[in-house]
Amino acid sequence: MSDTTIERTEGRSRMVGGLRAQDEGREVVLAGWVHRRRDLGGLLFVDLRDRSGLVQVSLGPDWTDAASLEVGHRVGAEDVVRVRGTVHLRPDEARNPELATGDIEVRAASLEVLNEADTPAIPVYRQPDEELPAEELRLRHRVLDLRRPELRDNLLLRHRLILAARNYLDAQGFVEVETPILTKPTPEGARDFLVPSRVHRGEFFALPQSPQIYKQILMAAGFDRYFQIARCFRDEDMRADRQPEFTQIDVEASFVGPEDIFRWMEGLMTALAAEAPGVEAVAPFERLTWADALEAYGTDRPDTRFGLRLEDVSAPLADLDFGIVRGALDAGGRVRAFVVPGGATLSRKQIEAIETAAKDTGAPGLLWCKRTDEGGSGPLSRFLAEGHYEALGLAPGDLLLAAAGADAVTSPALDAARRAAREAAGVPFEREHAWLWVTEFPVFEPGEDGALTSNHHPFVMPHPDDLDRLESDPLSVRGLAYDLVYNGAELGSGSVRIHRPELQRRVLRLLGLDDEAIDDKFGFLLGALASGAPPHGGVAFGMDRIVMLFARAGSLRDVIAFPKTTAARALFEGAPIPVADGDLRELGLRKEIPADG
RNA sequence: GGGGCUGUAGCUCAGCUGGUUAGAGUGCCGGUCUGUCACACCGGAGGUCGCGGGUUCGAGUCCCGUCAGCCCCGCCA
């Protein structure tokens, strides 16, 4: 094999990362950045970095020309240089097993500076014990931050995942179609980013929150299987796992049921996982209905890497002379609990920390007891007789954590407690990769003032068995809707959609829209459905979140080249900025200083 | 919109109960050094203690406000 032809350009013969012992004797022209320099006086080492990795370049009087040696003594970090030289095996004692290229070095015949770099404001190279620079500085000096191998590798992984997704979906017969970025404001959901129209003064486009409606229209148009790596925009406050603009893998197909989507998407996730070292996906994934997920885990996105499942312990505790339990049961609530095997070793302080996690969800507190060889301890224990421990499934050495009250309160509390207890008690994972479909999400959820809102979006097909309760008991209606959950994180969600205009109209009416509003806001969708839309369904995944999890990055900002801050600012380019009055006038807009400003 | 944490040299951090000239490591500049890979050694420069106000004889330190970054709640169909 000669120097890698795909890497050869006019400026270099190859990249550095692939050089190995078998390249000994090869003459190479390398170009890249000075990562670090070790100047021993008569001998000089330069770590040369490019996208592919690092290689040590050595300069010495026996093989480097005098002028280049002089240049070598003066180059600084991040200077862009070109090296002509020969690959040499390093002396045995000078090999570096930490480095992929550590068996060899390139002895430079010549070294030239292609572009001198300012002393970097934040270091690209970092001392082993040195913390990362402040995130503000990393974002401000993004050029330098992106040169760090960690961020570079995250973006390279992102590329491979997107490529794998395209290849897989293409192989399954899906067609990528682009949909508008300038689109129509949506009546509900997240706040839209608005874009003023110069041609139509006083009128606005919105940036899409997702291509949802367009992809359904593409189904009506007969495209049958669609996907898109789609940019989406939501003008809401941020989190570590939320950005105002983000990327979805958006998928829709015709004449399908949930099983088709599950099969394809399990294949997709398997293909993606194959690109990410340390991530595994084995189909078929587990399934859990939404109702069962809440019953067993207290959340619709359970981390099923470990057990600690919730149980209804109302019956075994029904005879308890304990006000909290009595009151909860009499009010129609339940007592639910989980057992931490061996959890009796947890200290009171540790258990209080678990309780704090539960209280942070709004619950008044937790009930708990330990079963010990001598009997029991903990607030609940003095109400318990020996028979209770057996009925609760509590063995000596175990800890029981319980919550009493309405499910709406106890579920979030027990979910938080379950995760905190696992960590505190060191309960080992039963599996490293827990993939789970949560199915049959409710179509509606209670909104303010007794109104209904969509649980997912207003286009979810109600479960056929529940259709007759749509108007009479809408909150009990399950939808053909599902989420994919990986290790307790929601990767995406989807549904079979409503494809008949009458049913769509019924659902929109239940959401409080009158016919005029429906026609105004959703007329173009209803028209498409009425034109002969096939039954269809799909799913959308948060691409950034997938990359973040697969790359084990701590933040979405570490898998997006140019992310926004928590305050939705772009520090690197400095956006947004005020706009001149004249520019606004042309758009038919005028600035108004807020009265309280 | 609300709550919390952080802000001291280019970078990462220390700075006690308010008290002399605000320190360390690294980076930067100058020098010595032929097998380093956190090279080593010698010398040097480098500070609006985020910003504004207040308390005090005296503020990096205490108080109020404000800005920025991060985390959380609300919000995110």
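Chain identifiers are assigned alphabetically (A, B, ...) following the order of the sequence lines, protein sequences preceding nucleic acid strands; residue numbering begins at 1 within each chain. Since this is a predicted model, take the numbers as computed values, not measurements.
With distances taken from any side-chain atom of A:Gln127 to the nucleotides B:C11, B:C33, B:A38, the minimum falls on B:A38.
A:Arg419 and A:Glu423 are not joined by a salt bridge, as no carboxylate oxygen comes within less than 4.0 angstrom of a charged side-chain nitrogen.
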Criterion ring pair (Phe, Tyr, Trp, His ring centres under 6.0 Å) on A:Phe459 and A:Phe522, from CA distance to verdict
CA-CA 11 Å; A:Phe459 318 120; A:Phe522 296 107; 5.8 Å; yes
Applying salt bridge (Lys or Arg N to Asp or Glu O under 4.0 Å) to A:Asp47 and A:Arg38, what does each step give before you reach the verdict?
CA-CA 8 Å; A:Asp47 287 340; A:Arg38 291 173 295 282; 3.0 Å; yes
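Across every strand in view, B:C33 sits unpaired, with no contact that passes the Watson-Crick or G-U test at under 3.5 angstrom. In this structure, B:C70 forms a base pair with B:G4, meeting either the Watson-Crick or the G-U wobble geometry with both donor-acceptor distances under 3.5 Å. Pairing partner, B:G25: B:C11, with both Watson-Crick or wobble hydrogen-bond distances short of 3.5 Å.
Close to B:C67, at under 4.0 Å from its OP1 or OP2, lies no side-chain N or O of A:Arg569.
With hydrogens and angles ignored, a donor-acceptor pair under 3.5 angstrom links the side chain of A:Arg239 to the base of B:G74. In the interface, the side chain of A:Arg242 is paired with the base of B:C75 through a donor and an acceptor atom under 3.5 Å apart. Contact annotation: side chain of A:Gln56 to base of B:U36, donor-acceptor pair present below 3.5 Å.
Within 4.0 Å of A:Tyr125, counting heavy atoms only, lie sugar-phosphate atoms of the nucleic acid but no base atom. Looking at heavy-atom distances under 4.0 Å, A:Asn455 makes contact with sugar-phosphate atoms alone, never a base. In this structure, A:Glu105 reaches the bases: a heavy-atom distance under 4.0 Å links it to at least one base atom across the strands shown. Across all strands shown, A:Leu99 has no heavy atoms under 4.0 Å from either base or sugar-phosphate atoms.
Taking atom CG of residue A:Asp39 and atom P of nucleotide B:C28, one finds them 12 Å apart after rounding to whole Å.
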